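Heads up, the thing below is written out as structure tokens.
These numbers come from a predicted model, not from an experiment. In listed order, ligands and their atoms are each counted from 1.
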Amino acid sequence: MLKLPGLIDPHVHVREPGATHKEDWDTATSAALAGGFTTILAMPNTTPPIFDRDTLDLGLASAKSKARCDYAHFLGAGPNNANWDEHPDIPPRAAGLKMYLDSTFGELRLDDMTLWMEHFINFPKHLPIVLHAESRTMAAAILMADIYDRPIHIAHISLKEEILVIKAAKERGIKVTCEVAPHHLILCDSCHLSLGREGRSEVRPRLTTQADVDALWDNLDVIDVFATDHAPHTLEEKDSDNSPPGFPGLETALPLLLTEVDNGRLSIEDIIAKMYINPKKIFNIPEQKETWIEVDENATYEIRAAEQFTKCGWTPFEGTQVKGRVTRVVLRGQDVYKDGKVLAEKGFGLNIRESK
Ligand code: NCD
Ligand code: ZN
């Protein structure tokens, strides 16, 4: 038995409000616990998007009544809400600010760089800003972090050029951190062949070439965080003509990464650093007392969507052989998951930005 800290996933699409047929606060946090995560940070591209006081209250109300693990919620950067200085009480209640600079699922996207500048100036410097920024957009965002001398975190990087630019920026002392999703480490752009229908491989950022995947593995030390980008859509939606991008990931991340430990490509220390120590520091997450997870590192089995808690009903890793199973999760002294059963009640989860 292996004992690890309660893991942190800073990139989860909970889908409530607005798309609870895909996921909600109950199923997302059940999936989190089953995956070994005791804290999740929720993304704001819901319907409506979470971007001001009223919508943050709305998102947090569902979380408060249903969450089974701890959480915080991101605010989304829009064209009309960069006046954070006029509402100083709002940002500290959120996980941080999420800026969508490239196109993806949902309405939030900022093209105009003068809007980026306003958010960079007005959002409090000590609170996290996370960017969906790919390729050259990412380089522009890093320049802006340098200009305004503030930390930024780049979500789900996937390309060789991205990891190499981040490496160079870090070497120059620019305050940039980054995350990689397990699917970008394990799948490549020819994988849709094994995923079945074409729509099932739709994800943003897209799956990449093997050379990009190799570059991520070659620069593991540049990757600060493994984040799932859990982005559930139903199988019916994925197999439709207009497949929305996104993969579920909460329940597969740790088993897949433990399998890479078994393959000798990762160490347990890498997992602890990138799924606990670093996200805790970057996102300013408080210590959870008496909290840990237990893993049977020798359990060998195949991933099955039918055994998962996510509502979406599928996984791109169906049938993948993995080694390592979460057997028990203890959160604040209480058994919250054991042997395949979620034991935490709805509402047991705390908003980490509110609890002292
Ligand atoms: C995400 C979603 O479905 O909300 N989709 C995705 O492919 N990753 C949006 C996002 O994280 O960009
Ligand atoms: Zn995402």
Just to confirm my output: which protein heavy-atom neighbour is closest to [atom], and how far is it?
atom                    : answer
atom 9 (C) of ligand 1  : Thr104 OG1, 3.1 Å
atom 5 (N) of ligand 1  : Pro245 O, 3.1 Å
atom 11 (O) of ligand 1 : His13 NE2, 3.0 Å

Decide whether [X] and [Y] meet the rule of one side-chain donor and one side-chain acceptor closer than 3.5 Å.
X      : Y      : value
Glu236 : His21  : no
Asp24  : Thr27  : yes
His119 : Trp84  : yes
His73  : Arg93  : no
Thr228 : Asp9   : yes
Gln288 : Thr39  : yes
Asp102 : His132 : no
Thr310 : Glu23  : yes

For Lys167, does the NZ atom have more than 12 heavy-atom neighbours from other residues, nucleotides or ligands under 6.0 Å away?
no

Has ligand 1 got any nitrogen or oxygen that is less than 3.5 angstrom from a nitrogen or oxygen of [X]?
X      : answer
Tyr100 : no
Lys98  : no
Ala231 : no

Short N-O contact, Glu354 and Lys64, less than 4.0 angstrom:
no

Check Glu202 with Arg204, please: is the shortest side-chain N to carboxylate O separation under 4.0 Å?
yes

Show me which atoms of ligand 1 lie under 4.0 Å from any heavy atom of [X].
X      : result
His233 : 3 (O)
His132 : 12 (O)
Asp229 : 8 (N), 11 (O)
His11  : 11 (O)
Val203 : 7 (O)

Listing by chain and number, which protein N, O or S atoms are under 2.8 Å from the Zn ion (ligand 2)?
His11 NE2, His13 NE2, Asp229 OD1

Once you restrict to heavy atoms under 4.0 Å, what part of [X] touches ligand 1? Side chain, backbone, both or neither.
X      : answer
Arg204 : both
Arg15  : side chain
Glu202 : neither

Test the Arg68-Tyr337 pair against the cation-pi criterion, namely NZ or CZ under 6.0 angstrom from the six-membered ring centroid and within 45° of the ring axis.
no

Evaluate the side-chain proximity of Asn351 to Tyr71: yes if any heavy-atom separation is below 4.5 Å, no if none is.
yes

